[in-house]
Amino acid sequence: MNQHNSQSSKLNTLLQPLLKLQAPVQASTYAPIFQFLTGKNLLKPGQQLHAHMALRGLRPTAFLAAKMVAMYASSGDISSASHIFHATANPSLLLFNSIIRAFSLYKLSEKTIHIYARMHSLNLRGDNFTYPFVLKSVTDLYCFQFGKCIHGLSLKDGLEFDIYVGTSLIDMYVKCGELGDAHKLFDVMPLRDVSSWNTLISGYMRDGVVDLAKEFFENMPEKNIVSWTSMISGYTQNGLAGEALKLFDEMLSEDSEVKPNWVTVMSVLPACAHSAALDRGRSIHDFARGRGLDSHPSVQTALVGMYAKCGSLADARWCFDRIKLNDRNLVAWNTMISAYASHGHGFEAVSTFEDMIRAGVHPDDITFTGLLSGCSHSGLVDVGLKYFDSMSTMYFVEPKHEHYACVVDLLGRTGQLVKAYNLISQMPMQAGASIWGSLLAASRSHRNLEIAELAAKKLFVLEPDNSGNYVLLSNMYAEAGMWEEVNHFRALLKSQGVKKNPGCSWIEINGKAHLFLGGDASHPQAKEIYKLLEELPEKIKAAGYVPDTSFALHDVSEEEKVYTLTTHSEKLAIAFGILNTIPGTVLRITKNLRICGDCHTAIKFISKIYVREIIVRDVNRFHHFKDGLCSCRDYW
DNA sequence: ATAGGGTTAG
C-alpha cells in the first residue's frame, strides 16, 4: 500500500501539469505517459488522462490506442481495453498485438483467436509478439487441431527461426498432450535456449516420463532456476517426494550457482507434505524465512498445507493467519478448510467456510470436498446435508463424484443405509469404488448384510483385486453363521490369488524417516521392537484391551490372527517410536492404508500407558490419540 | 511489448 501511495504521488507531480493544460495537447504527448502507467496498476490516473484527451476531442491513433489498451489491460479493466480497440479505425499490428495479449492474459481464448483471425483477414502478418499469445489461448482451449493450423500460419509469416514462437509451439504441443510433435519440433529448431529445454522438461514431467525429463535436465547446456524448479515440481507431482527433496538439497549445495526463489519453495513443500516430513518442512520454512521467501501468499498457502499434512494443525493455522486478508484467495481458504477436515475438526471447517463466504471469496468444488468431508469426519450429518443441498442452489457448484462420496459416508455413519443406497441410484454419474466401499464399510458397522451384498457385488467388478472387500463380506457371513458362503470366498481367494495390498507405515524421528512393512523384521532394532510388541498385549489387556480379530481373514487360527495383528506396520512404527523417545513426546506415524480397527483400539491404550501423544495419518484422515482417546471418536 | 517453473482437492 505504501509503495503504491508513493508511486501515486510521484505520478501526480508528473500528471498535474499536463492535466491543467487547457490548450490542445498533441496526441504524441500522451503515449509515453500511458506507457509509464502500464503494469503499475494505476487505473485512476489512466482514466484521468483518458478523460483529458476525450474532452479535447482527441481521437487516439492506432499507436496511442495500443498504449491505452496495454494500460487498461494491466490495470484490470479489460472491457475498456476492448472498447478502445474496437473504436479505433485502421488498427495496426501493434494494436492487434496489444489486444491479443490482453485477451489471452484474461483467458478470453475464443476472443483472442477471433481477433487473430480478423487480423489475418486484413492481410496483416503476425510477428514474434503475436504468436506466443495466440498459442497460449490455443493451449487454454486445449485445441490441438487449431494449434497445428496456427503452427502452419506462423511458418507462412516467416517465423520458423523465432525462438519465442518456437518455444510457444513446443509448449502448446506439450500441453495438448502431443509430446511426439513437441519433441520433433525441438529437434528441428535451429536455435534453442534454456526456455526451450525447460518447456520440454516440464512436458515430460507432466506426461509422467520422469526418466526422460531427468535425462534432458542432466544434458542441457545451461540450467537456470526454472529448470531446477521444473524438475522439483515434476518430482513432487509424480509422487517422488524423495527425489524432489534430494534435488532441492543439491540446489542449495555450494557448487550450485542457482538459488531457490519463491516458486521453488512452493514446489518443494508438497514433497514434505507427501512424506509427512515435519522436521524437513520446518527447516525449509526456516530457510524461506531467512531468504525473505515466506511472504508470498502462495508460499504461505503451501506452508499451511505442509503443516497440516505433517500433522501440525496449530502451525497450519498460524501460517494461515499470517496471510494478509486481501491475499487469502480461493486456494488459501480451501487449504485451511481441508486441513481442518482431515484432522476431524468439522466445526472449524464449517466456520472457516463461513469466514470465506463473508470475505467474499466464491467457493469451488474443492471447497465443498473439504467442507463435506469435514462434516463427515466429525459426524455433522444434518449440517453436511444442508451444505450439500446448498452447493448447487446457492453457490452454483455442481456436485461431483467426490461430493456424493462424502454424503454417502455421512448417511452411512448414522446407519441411514437405504437412504445412502437411494442417493447412489440417483447420482447423475456412475458410482465408483470409493462410494461403494464406503457403503460396504457402513453396512458392516451397522450389520446390514443385504446392503453389504449389493455394495460388494459392485466392488468385485470395480476392483476385483482388492482382497479387503472379499474379507469384509466373508467375515460378515461368518458372523451371521453362513458358512457355505464363507467357504465359497475362502476358495475364491485361494484360487484367484487375490493380492493383498501391502501395508506400510513410517515414522520420523530426529528428521529421519523409518519405514516398516507389516511383519517386517529388517529394521536394525527389530529385536527390541518385537520384544516390546510381545509384551504389549498383556500390558494393555490389563487396562481393558480386547484384541479384535474380525479385521483379519477368517481362515487362519485365532492365535495366528492375533500374531498378524500385533505386527501390523503401524504397531511396528509405534513400538520403534516408543523405544527411541521419552514419555511426553508426540509420535507422528503415516500409513499408506486405512488404519485397522484393532490397531485403532490398541493405539488408544498405548497412548495412555506409554504417555505419548500419537498422531496417525492414514489414507483418509488424521487420528490424534491422547490419553486413551482418539480425535475421531471411533468413527472413521 | 514477447516464451519456460505454481500452492488446495482426488
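Numbered from 1 within each chain, the chains take letters A, B, ... in sequence-line order. These numbers come from a predicted model, not from an experiment. Atoms considered below: every heavy atom in the structure, side chains included; atoms not considered: hydrogens, waters and symmetry mates.
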Next on the checklist: Each nucleotide in nucleotides 5-10 of chain B should get exactly one letter: B, S or -. Can you fill that in based on protein heavy atoms under 4.0 Å?
Outcome noted: BBBBB-
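- The residue A:F133 sits close only to the backbone: its heavy atoms come under 4.0 Å of sugar-phosphate atoms, none of a base.
- Take A:S82 and apply the side-chain hydrogen bond (donor to acceptor under 3.5 Å, both in side chains) test, not counting sequence neighbours, and it matches no residue.
- Rounded to an integer number of Å, the gap from A:F161 CZ to B:dT2 C1' is 20 Å.
- One can place CD1 of A:I163 at 11 Å from C1' of B:dG4, the figure rounded to the nearest angstrom.
- Residue A:F129 and nucleotide B:dA1 are classified as a stacked aromatic pair, their ring centres being separated by less than 5.5 Å at an interplanar angle below 30°.
- A salt bridge does not link A:K246 with A:D249: none of the charged nitrogens is closer than 4.0 Å to a carboxylate oxygen.
- The side-chain hydrogen bond (donor to acceptor under 3.5 Å, both in side chains) contacts involving residues 127-136 of chain A comprise A:N97-A:D127, A:N97-A:T130, A:Y116-A:Y131, A:D127-A:T130, A:Y131-A:D157, where partners must be two or more places apart or lie in separate chains.
- Atom NZ of A:K136 and atom C1' of B:dT2 are 10 Å apart (whole Å).
- With sequence neighbours excluded, no residue forms a side-chain hydrogen bond (donor to acceptor under 3.5 Å, both in side chains) with A:R328.
- One interatomic measurement links the two molecules: CG of A:L200 to P of B:dG4, which rounds to 14 Å at whole-angstrom precision.
- The salt bridge (charged side-chain N to carboxylate O under 4.0 Å, His left out) check on A:K184 picks up A:D181, with sequence neighbours excluded.
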Would you list the atom pairs, donor with acceptor, under 3.5 Å between side chains in residues 341-355 of chain A and any protein atom, with sequence neighbours excluded?
| unit_1 | atom_1 | unit_2 | atom_2 | d |
| --- | --- | --- | --- | --- |
| A:S342 | OG | A:S338 | O | 3.3 |
| A:S342 | OG | A:A339 | O | 3.1 |
| A:H343 | ND1 | A:H624 | NE2 | 2.9 |
| A:H343 | NE2 | A:A308 | O | 2.9 |
| A:S351 | OG | A:E348 | O | 3.2 |
| A:T352 | OG1 | A:E348 | O | 2.7 |
| A:E354 | OE2 | A:Y387 | OH | 2.5 |
| A:D355 | OD1 | A:R358 | NH2 | 2.8 |

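- If you take CG of A:L169 and P of B:dT2, they are 18 Å apart, rounded to a whole angstrom.
- Atom CE in A:M231 sits roughly 15 Å away from atom C1' in B:dG4 (whole-Å rounding).
- Within 3.5 Å, a donor on the side chain of A:N224 pairs with an acceptor on the base of B:dG4, or the reverse.
- Spacing between atom CD of A:Q35 and atom C1' of B:dT2 amounts to 14 Å, rounded to whole angstrom units.
- Note: CG (A:N97) to P (B:dA1) measures 13 Å, nearest angstrom.
- Using a distance-only test at 3.5 Å, with no hydrogens or angles considered, a donor-acceptor pair links the side chain of A:H403 to the main chain of A:K400.
- For a distance-only test at 3.5 Å, the side chain of A:S195 qualifies as a donor-acceptor partner of the base of B:dG4.
- Heavy atoms of A:Q300 sit nowhere under 4.0 angstrom from any nucleic acid atom.
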